[in-house]
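Okay, structure first, notes after.
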Amino acid sequence: MRRTSWLWPVLAPLRFDESGIGPKLMHESFINYRNHRYGVFAVALCLGAVVTSLIDSRREPQNGGTWLGYTLGSIAALLICYLALYGVRRRSFKSPAGSAAGWLSAHVYLGVAVLCIATLHCGFQFGWNVHTSAFVLMLLVSISGCWGVYVYARYPGLMIRQRGNSSRETLLEQLSTLDRRARLLVSALDERLQSYVEEAIRRTHLGGGVWAQLRGRDRSTILIPDALRGPPFARIVSNEGQHVLIQRLAQEHAGAHEASFAAKLQDLLEVASEKAVLVGKLQKDIQLQGLLQFWLYCHLPLCFGLLAALVIHVLAVFLYR
Ligand code: HEM
């Protein structure tokens, strides 16, 4: 992985020692960045807010309109603006404003803390209004952020393990090698089998649209003769896991009389089975990669929604008090 990758600050601490990653980054992630500096700050902030709210609630019931309500609301709004600024920092690789890992660490801890501050700010007074919609959006942004942290912590390792420490490029090269071998083996056999194998290769399907990637299903197909109407009619059926091709080759193998023919079919069967495993691995890899990025497509739009709702909330408070 190149250092400039947008996943670098997150993935670096999670990667195995295979790509020249420095030892310092190997054990310091955004979670334990500088001995949990931002975690400690976030906890202190929340504790301070809870204690002050408890003391103040003896005087008057907590809500957004008290002096403490305004103070906590201002802190929450400033925190949200700071959290949103992370989107800018994330795109400026040479920014002098602190390290990317430090920003992410602060983002994660303060992103959780803002939930506590905003809840105390409104004093648990929720309703069907613009104020609560801002709160709900903040909750959704934070939940999607937590989902992101889980995904970053779990999937990179899973991807490396399930690929067997190879890169996706290597797996794709192996796939074309297997296809070449299959074509070579079948070239010595009859035309019927040749078109079968060729069809299976041509219709092997990897990836696809967003949902196809996220579902991770093998959408390979194959063109087979239509058993009901006979030649030249044919139909396309699913060849998930190279199942139809393998079944067909196994049938031919079972009925083979010549030893050399049977041996060629046996080799073809092995190639088709290897390919089925490889396609499964690639499909899973594409799925995990998709899941690794998908949450961010929820987090960012929700963040924009939150900023808009926050502006409306503040305007509504000051204009219609
Ligand atoms: C009100 C709260 C939050 C706001 C406004 C916010 C906003 C943002 C923004 C604007 C980005 C950059 C997205 C981009 O550039 O594509 C981002 C990324 C991110 N946020 Fe949040 N966020 C919030 C809460 C959280 C929370 C609570 C967590 C986790 C506990 C979190 C985890 C993340 C992560 C992991 C990234 C991506 C890091 C990366 O790939 O560099 N966020 N957030």
Side-chain angles (χ1 to χ4, degrees), residues 1-15 21 25 28-33 36-43 45-46 49 72-95 97-122 131-157 159 210 288-314:
M1 182 186 302
R2 290 188 355 256
R3 259 188 104 93
T4 48
S5 157
W6 64 270
L7 284 174
W8 166 252
V10 184
L11 295 186
L14 305 167
R15 293 283 304 243
I21 294 164
L25 278 163
E28 191 178 52
S29 79
F30 62 89
I31 301 291
N32 59 7
Y33 181 80
H36 305 90
R37 175 192 288 179
Y38 295 106
V40 172
F41 177 70
V43 171
L45 191 65
C46 291
L72 292 177
S74 307
I75 295 175
L78 286 175
L79 278 178
I80 288 174
C81 294
Y82 170 74
L83 291 164
L85 267 181
Y86 177 62
V88 180
R89 170 61 185 89
R90 203 170 161 264
R91 282 167 181 79
S92 42
F93 291 107
K94 288 184 184 149
S95 167
S99 73
W103 267 80
L104 180 57
S105 186
H107 183 87
V108 166
Y109 286 115
L110 295 177
V112 177
V114 79
L115 268 181
C116 169
I117 307 284
T119 311
L120 293 171
H121 152 70
C122 68
H131 314 296
T132 302
S133 62
F135 184 88
V136 170
L137 277 164
M138 187 197 58
L139 192 67
L140 292 177
V141 178
S142 296
I143 291 173
S144 61
C146 292
W147 173 24
V149 170
Y150 168 78
V151 155
Y152 280 173
R154 185 160 157 70
Y155 288 3
M159 281 168 83
V210 176
L288 290 174
Q289 175 81 44
L291 288 169
L292 198 62
Q293 288 165 350
F294 181 68
W295 73 272
L296 204 52
Y297 293 103
C298 302
H299 196 62
L300 192 57
L302 283 169
C303 167
F304 281 119
L306 168 61
L307 288 177
L310 186 65
V311 171
I312 296 171
H313 163 63
V314 173

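Remember, it's 1-based here, ligands and their atoms both numbered in the order they're listed.
- If you number the atoms of ligand 1 from 1 as listed, the ones under 4.0 Å from a heavy atom of C303 come out as 5 (C), 7 (C), 10 (C).
- Within the coordination shell of atom 21 (Fe) of ligand 1, defined by N, O or S atoms under 2.8 Å, H299 is present.
- The aromatic rings of W295 and Y152 sit perpendicular, their planes meeting at an angle over 60°, well past the 30° parallel limit.
- Looking at H107, its N, O or S atom nearest to atom 21 (Fe) of ligand 1 turns out to be NE2.
- Residue contacts with ligand 1 include Y152, since one of its heavy atoms falls under 4.0 Å from the ligand.
- No side-chain N or O of Y33 forms a donor-acceptor pair with one of R37 less than 3.5 Å apart.
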Does the pair V40 and Y109 meet the rule for a side-chain contact (heavy atoms from CB on, under 4.5 Å), with working shown? CA-CA 9 Å; V40 172; Y109 286 115; over 6 Å; no

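- Between Y86 and H107, the two ring planes are tilted [angle within 30° to 60°].
- Taking only non-hydrogen atoms, the option from L83, I80, V114 nearest to atom 9 (C) of ligand 1 is L83.
- We find the SG-CG distance between C46 and L110 to be 9.0 Å, quoted to the nearest 0.5 Å.
- Residue S142 has at least one heavy-atom neighbour below 4.0 Å for each of these atoms of ligand 1: 27 (C).
- Looking at L300 against ligand 1, only its side chain comes within 4.0 Å, counting heavy atoms.
- With a heavy-atom cut-off of 4.0 Å, L306 touches ligand 1 through its side chain alone.
- Not one N or O on the side chain of S105 forms a donor-acceptor pair closer than 3.5 Å with the backbone of A101.
- The option from W147, Y297, F304, W295 that lies nearest to atom 36 (C) of ligand 1, judged by heavy atoms, is W295.
- Closest heavy-atom contact between L137 and A309: CD1-CB, 3.7 Å.
- Numbered from 1 in the order shown, with element, the atoms of ligand 1 that lie under 4.0 Å from a heavy atom of V141 read 2 (C), 3 (C), 4 (C), 6 (C), 22 (N), 23 (C).
- Residue contacts with ligand 1, taken as heavy atom pairs separated by less than 4.0 Å, involve C146 via backbone and side-chain atoms alike.
- Of the possible polar contacts, none joining the Y155 side chain to the Y150 backbone as a donor-acceptor pair under 3.5 Å is found.
- At a heavy-atom distance under 4.0 Å, no atom of L115 approaches ligand 1.
- Interface of A84 with ligand 1, defined as ligand atoms under 4.0 Å from a residue heavy atom, comprises 10 (C).
- Side-chain N or O atoms of R154 include none that pairs as donor or acceptor with a backbone N or O of G157 at under 3.5 Å.
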